[in-house]
Amino acid sequence: MPSAVDEILEKLKTFGYEAYVVGGCVRDCIMGKTPHDWDIATNALPNEVIECFKEYKVIETGLKHGTVTVLIDGTHYEITTFRIDGDYLDNRRPDNVTFTRSIKEDLSRRDFTINAIAYNPAKRIIDPFGGCKDIENKKVRCVGNPNKRFGEDALRILRALRFSSVLGFEIEKDTALSIHKNKNLLLSISAERIRVELCKLLMGTNAKYILESFHDVLSVFIPEIKSMVGFGQNNPYHHLDVWRHTIQTIISAKEDIFVRLSLLFHDIGKPLCYSQDANGIGHFYGHQKKSADLAHKIMQRLRFDNKTIAKVGKLVLYHDTSLQPQPKQIRRLLNKIGPDNFRLLLWIKRADICGQAPHLKDERLILIDKVEQCMMEILQQGQCFSLEGLDIDGRDLVDLGVKGPLIGKILNKLLEMVIDEEIENRHSNLIAKAKELIKT
Ligand code: ATP
Ligand code: MG
């Protein structure tokens, strides 16, 4: 434990109170991971906590829920009074908060056994629900009756999936059954909260298990997933159905949220674009655009920020562009999506290849490496692929007497010629060419 946490526990003890570290930090420590924050629980009431820490910098914003934040060396430590949550009316928020003097009662309101362990140096581990054993056996299990707990707060359904994915745990049988049974309660959860959990679970090491076994739960807020599940592709390049392929790409991918979201959506339009040729081979013409449109809609529904929506939409739209290590083609694509997205696109393509028929994998991955090499050279050499890199600009054209929309037209024509190596990106050449273009 950091010395500041020791200091806080000690301080509360000196004033005659009980205090523990609880929740995620205890779980992470038992697993040998470094916690990202430390939550403290105490039987002292909020105003008593404030009294104990009157020589410290204290933030009182969480007071209503019993939380006092103490600042030590620039780090926030939340100290929360033991509490039992009141009635849950909207499947989400406790109506009112009741404080209690018992750590066990406080632990009993927590979501999963692995999150319901407390520790302090004197009492050591307090684990009334078998959380340590569940950590050892890698199980996510509700504290108490799962149906009741998910009924109180449906967000716990997604938290269970997220913890399972991130920690690499299995969801215990009764908890899993209850998740399937109660999944529709998620409809009452705000899009923002769903989005946060979805992103975390996509990044987890155990995402495959969750996406395979709980797609019905994800379909509650992304119904478009339903038609992907079991949708056969009837195509020699694909050995997996659309959903299994999607899962394979996600778990093969770099741990980057833009890449993983793009992969979640990259083929979501496929079931709507299916056709079969005379040989019985399946095709999905136009699925890039369809998938990009659906990705837009879904992300808007889940209240993603506009930047993410635009970026992922673009990556989905271009995910199937066939790439060759040819500078002209690469400069053109750099112009359309920019270097950052280009790099992400290469990660997406690599992952996509990992979900396709294995006999083509090595060859296709080598091609992507060559494309990357070619892109790097273009960037390192500072080759021109955008109007900003062009050695002529609007003012030059104004000086030549060009006005209005024609300026943009001529600049873009010149850029196209530079990208295609029809003309060198040199000021004098471009001016000469511009003069020619003005005349025609
Ligand atoms: P993370 O590593 O994501 O922070 P965490 O376990 O610390 O994991 P938090 O969301 O920070 O999760 O919550 C802290 C603790 O509060 C949890 O460990 C759990 O005991 C309790 N908790 C949080 N949300 C809920 C909930 N919806 N229902 C019941 N208990 C909850
Ligand atoms: Mg936490």
Side-chain angles (χ1 to χ4, degrees), residues 1-2 5 20-42 62 65-67 69 75-98 100 103-119 125-132 134-135 139-169 175 178-179 182 185-186 188-190 192-206 210 257:
M1 272 180 343
V5 175
Y20 301 88
V21 287
V22 278
C25 61
V26 181
R27 180 196 69 225
D28 289 347
C29 283
I30 295 173
M31 292 180 69
K33 293 193 196 173
T34 311
H36 56 83
D37 51 21
W38 293 85
D39 293 328
I40 292 130
T42 180
H65 301 103
T67 303
T69 303
T75 306
H76 291 81
Y77 298 94
E78 293 195 345
I79 307 174
T80 306
T81 305
F82 299 158
R83 46 173 237 229
I84 341 174
D85 292 331
D87 293 340
Y88 289 81
L89 286 186
D90 59 355
N91 304 119
R92 171 60 208 148
R93 266 185 189 288
D95 243 0
N96 51 64
V97 170
T98 315
T100 162
I103 178 69
K104 292 214 172 115
E105 277 187 338
D106 179 272
L107 293 174
S108 72
R109 71 160 168 99
R110 294 174 184 270
D111 46 8
F112 307 111
T113 59
I114 57 171
N115 291 343
I117 310 170
Y119 169 88
I125 296 264
I126 315 266
D127 178 21
F129 305 103
C132 289
D134 282 336
I135 292 176
K139 290 267 187 298
V140 177
R141 181 197 311 268
C142 282
V143 170
N145 178 313
N147 290 330
K148 179 163 172 277
R149 303 314 309 279
F150 293 133
E152 289 166 356
D153 177 2
L155 184 68
R156 289 175 188 152
I157 293 174
L158 274 190
R159 283 174 60 87
L161 305 193
R162 184 256 289 191
F163 283 120
S164 163
S165 177
V166 171
L167 302 175
F169 285 19
T175 300
S178 179
I179 286 176
N182 290 293
L185 295 177
L186 280 172
S188 64
I189 299 297
S190 80
E192 287 81 359
R193 293 198 135 96
I194 288 185
R195 183 194 66 223
V196 169
E197 296 298 334
L198 173 69
C199 289
K200 287 186 182 169
L201 91 77
L202 281 178
M203 301 293 275
T205 50
N206 206 22
I210 294 302
I257 190 60

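Note that ligands are numbered from 1 as they come in the structure, with each ligand's atoms numbered from 1 the same way.
For ligand 1, the atoms lying closer than 4.0 Å to a non-hydrogen atom of Gly24 are 5 (P), 6 (O), 7 (O), 18 (O). Counting the atoms of ligand 1 from 1 in the order shown, those under 4.0 Å from a heavy atom of Arg109 are 29 (C), 30 (N). Atoms of ligand 1 found under 4.0 Å from any heavy atom of Gly23, numbered from 1 in the order shown, are 18 (O). For ligand 1, the atoms lying closer than 4.0 Å to a non-hydrogen atom of Arg156 are 26 (C), 27 (N), 28 (N), 29 (C).
Within a 6.0 Å sphere centred on NZ of Lys104, heavy atoms belonging to other residues, nucleotides or ligands number 12 at most.
A distance of 11.5 Å separates CG of Leu185 from CD of Glu152, quoted to the nearest 0.5 Å.
Contact annotation: for Arg162 versus ligand 1, heavy atoms closer than 4.0 Å belong to the side chain alone. Counting heavy atoms under 4.0 Å from ligand 1, residue Arg27 touches it through the side chain alone. At a heavy-atom distance under 4.0 Å, only side-chain atoms of Asp153, from C-beta outward, approach ligand 1. In Phe163, the part holding a heavy atom less than 4.0 Å from any atom of ligand 1 is the side chain.
Taking a 4.0 Å cut-off on heavy atoms, Arg159 registers as neighbouring ligand 1.
Around atom 4 (O) of ligand 1, the closest heavy atom drawn from Glu197, His36, Lys33 belongs to His36. Nearest residue to atom 31 (C) of ligand 1 from Asp111, Thr80, Asp39 is Asp111 (criterion: closest heavy atom).
For Lys200, there are no salt bridge (Lys or Arg N to Asp or Glu O under 4.0 Å) partners two or more places apart in sequence or in a different chain. Listed by chain and residue number, Pro35, Trp38 satisfy the side-chain contact (heavy atoms from CB on, under 4.5 Å) test with Cys29 (two or more places apart in sequence, or in another chain).
Checking only distances, Arg149 never comes within under 3.5 Å of ligand 1, N or O to N or O. Considering backbone and side-chain N/O of Asp28, none are found under 3.5 Å from N/O of ligand 1.
The two atoms that bring Phe82 and Ala41 nearest to each other are CE2-C, 3.5 Å, heavy atoms only. The minimum heavy-atom distance linking Asp153 with Ile189 is given by the pair OD1-CD1, 4.4 Å.
Judged by distance alone, with hydrogens and angles left aside, the side-chain atoms of Asn206 form no donor-acceptor pair with the main-chain N or O of Val166 at under 3.5 Å. Judged by distance alone, with hydrogens and angles left aside, the side-chain atoms of Asn182 form no donor-acceptor pair with the main-chain N or O of Phe150 at under 3.5 Å. In this structure a side-chain-to-backbone donor-acceptor pair under 3.5 Å is present from Arg149 to Val143.
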